[in-house]
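All values below were derived from every heavy atom in this structure, side-chain atoms included, with hydrogens, water molecules and symmetry-related copies excluded. Whatever order the structure lists ligands and atoms in, that order sets their numbers, starting from 1. Nothing here was measured: the structure is a model prediction, and the numbers come from that model.
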Amino acid sequence: MKLAVERLKDVAEAFHYRISRDWWGKGFADLEASGVRLDGEPEFEVRARALGEKVYIEGEFEGFLEAECGRCTKRYRHALRDSFRLVLEPLGSDRRPADPEGMEALERSGMCLGEDLETGWYRGGEIELDALFSEVISLEIPLQPLCGEECAGLCPVCGSIRSEENCNCEDINPASPFAALASLRGKREGSS
Ligand SMILES: [Zn+2]
Ligand SMILES: [Zn+2]
């Protein structure tokens, strides 16, 4: 996914990129293997302009995953959404990435990202945005997928999904404060 930096003006211009399943499969194969699948095709809206020698890039990312909730085990649609903003400097003799990987990325794709994802370098008239998109997406991948903050998970007694089934296990639910108190009292009485 390329951006012709040589054609940028000092007024921001909008660009649209769509993440294909193919591209996703290459970069996020591990995620796919773990059962988190891409749902649809994520999209990047990018605005870019050049001021002097610097290139200013900002935009938004939106997409969906199909993941399994860590609490109730239900598969659900997980929304990915983030915005980004960075400034790229041209590769110069005095200013350049310190690590060899950075120089390699510059040679290969025309762009090298700084560690903070807010700065970077570019060289040549055209850069590849793939590394940027990968980073933005990676930051949004949930470490612990949850179908909702309020997800009540599974009933520890009968194993049913609490948000979907109204089981009547409340009375013997060990997580209830009364049950915990009762069992504590029972233990104390037993040990005395
Ligand atoms: Zn859940
Ligand atoms: Zn139950």
*The single option from L132, V136, V46 passing side chain to side chain contact (heavy atoms under 4.5 Å, CB included) against F61*: V136
*Using modelled atom types only, decide if a donor and an acceptor are shared between the side chain of E68 and the backbone of R75 within a distance under 3.5 Å.*
no
*Distance below 2.8 Å from the Zn ion (ligand 1): how many protein N/O/S atoms qualify?*
4
*Test applied, side chain to side chain contact (heavy atoms under 4.5 Å, CB included); reference residue, V55; option that passes from L8, V87, L86*: L8
*What's the SG-the Zn ion (ligand 2)-SG angle here (C158, C169), rounded to 10 degrees?*
110°
*When you check the side-chain N and O atoms of E66 and H78, is any donor under 3.5 Å from an acceptor?*
no
*Taking only residues two or more places apart in sequence, or in another chain, which ones meet E104 in a side chain to side chain contact (heavy atoms under 4.5 Å, CB included)?*
R108
_Would you say W24 and E32 are linked by a side-chain donor-acceptor pair, where the criterion is simply a distance under 3.5 Å?_
yes
